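Not measured: the values here are computed from a predicted model. Residues: numbered from 1 along the sequence shown. Every heavy atom of this structure was used, including side-chain atoms; hydrogens, water molecules and symmetry mates were not.
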Amino acid sequence: MRSGIRAIIVDEECNGRETLLHVIEQHCPGVEIIGMADSLEGTFEKSIKLKPHLMFLEIEMPAEVGFELLKRYGKIDFKSIFTTSNGHNDMEALRFAALDYLMKPVVDVEMQQVIDRINSSIIPSAISDMSASTMASNFKPHNKKIMLPNSRGLEFLTVSDVVHCQSDNNYTILYTLDGKKKVSTKTLKEYENLLSDYNFMRVHNSHLVNLLHVKEYIKGDGGFATMEDGSQVEISRRKKSEFLAALARL
């Protein structure tokens with residue numbers, strides 16, 4: 001049976017390509033390597049032709065910088081996992097929506113962790129040749145994870161642990177079941193798009209709530225939702241009917 005996730009490896013060093021290929025073959029049966037390249041030249045055309053879902057891309061090749069390849073795309077319709085010998089390119093990586101980093105030398109445990117995040121982060125509808133049973137096992141709301149870019153790097157949260165999200169200018173504050181607050185450099189709109197299939201709803205210009213964690217609705221002009229972490233979230237008047245209807249469908 002054909003593998004679900006098609007991937008390309010781009011690394012100038014033969015040893016780097018072969019090591020990564022070996023780890024993927026041993027620990028990633030759901031990933032099919034459909035091409036490898038040792039330079040940026042030709043990789044662009046190859047990726048356009050092969051249409052990968054995922055690209056393992058070395059950031060700092062001796063003669064080139066991996067980011068330069070991504071800048072050639074008008075729209076990046078695949079996910080990127082950067083392989084690197086250092087962690088100094090975090091913010092640049094975020095601009096290209098990388099799923100993760102793999103620090104060299106790549107080890108089995110780190111690869112397995114990355115694979116787990118791949119299985120919960122790549123949108124199912126984009127994996128056109130993945131079987132329904134595979135998608136059902138890999139993309140469940142309870143194990144879906146989202147990436148939080150922050151000032152220190154990247155953090156990953158399980159979707160079911162997020163109670164609600166609040167806009168803070170160009171940042172977003174995510175409130176979790178354990179009472180913690182996480183600050184992300186993504187906007188609330190980005191999280192709305194990311195979480196719309198997982199029972200999250202925009203109920204106010206400043207608030208996105210996990211409908212599964214609504215404990216009580218308090219009547220009012222728009223009203224308020226009391227969440228399972230004890231917080232109250234304002235519901236805008238124009239969203240009130242839609243919000244109540246969404247709760248009734250759960």
With rounding to the nearest 0.5 Å, note down the distance linking [atom1] in [X] to [atom2] in [Y].
X	Y	atom1	atom2	value
Glu192	Met201	CD	CE	9.5 Å
Ser167	Leu208	OG	CG	10.5 Å
Arg237	Asp221	CZ	CG	5.0 Å
Leu21	Ile9	CG	CD1	5.0 Å
Ser184	Leu157	OG	CG	9.0 Å
Glu58	Glu13	CD	CD	7.0 Å

Under a 4.5 Å cut-off applied to non-hydrogen side-chain atoms, are [X] and [Y] in contact?
X	Y	result
Asn205	Ser236	no
Val203	Phe224	no
Asp11	Leu20	no
Asn210	Val163	no
Ile8	Ile34	yes
Thr187	Glu190	yes
Leu57	Thr43	no
Phe200	Leu194	no

- request: For the pair Asp229 and Thr176, evaluate side-chain contact (heavy atoms from CB on, under 4.5 Å) and give the outcome as yes or no after the intermediate values.
  value: CA-CA 8 Å; Asp229 65 343; Thr176 59; over 6 Å; no
Any donor-acceptor N/O pair, [X] side chain to [Y] backbone, under 3.5 Å:
X	Y	result
Asn169	Tyr171	no
Lys46	Met36	yes
Thr172	Leu188	yes
Asp168	Ile173	no
Lys240	Gly220	yes

message: A quick test of your reading: do over 12 heavy atoms of other residues, nucleotides or ligands sit less than 6.0 Å from CG of Asn170?
response: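 No - once you tally the heavy atoms of other residues, nucleotides and ligands closer than 6.0 Å, there are 12 at most.
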query: Residues two or more places apart in sequence or in another chain: which of them pass ring-ring contact (aromatic ring centres under 6.0 Å, His included) with His207?
result: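 For His207 the ring-ring contact (aromatic ring centres under 6.0 Å, His included) partners, ignoring immediate neighbours, are His204.
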- prompt: Out of His164, Lys181, Gln166, which one pairs with Tyr175 under the side chain to side chain donor-acceptor pair (under 3.5 Å) rule?
  reply: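 Running side chain to side chain donor-acceptor pair (under 3.5 Å) over His164, Lys181, Gln166 with Tyr175 returns exactly one hit, Gln166.
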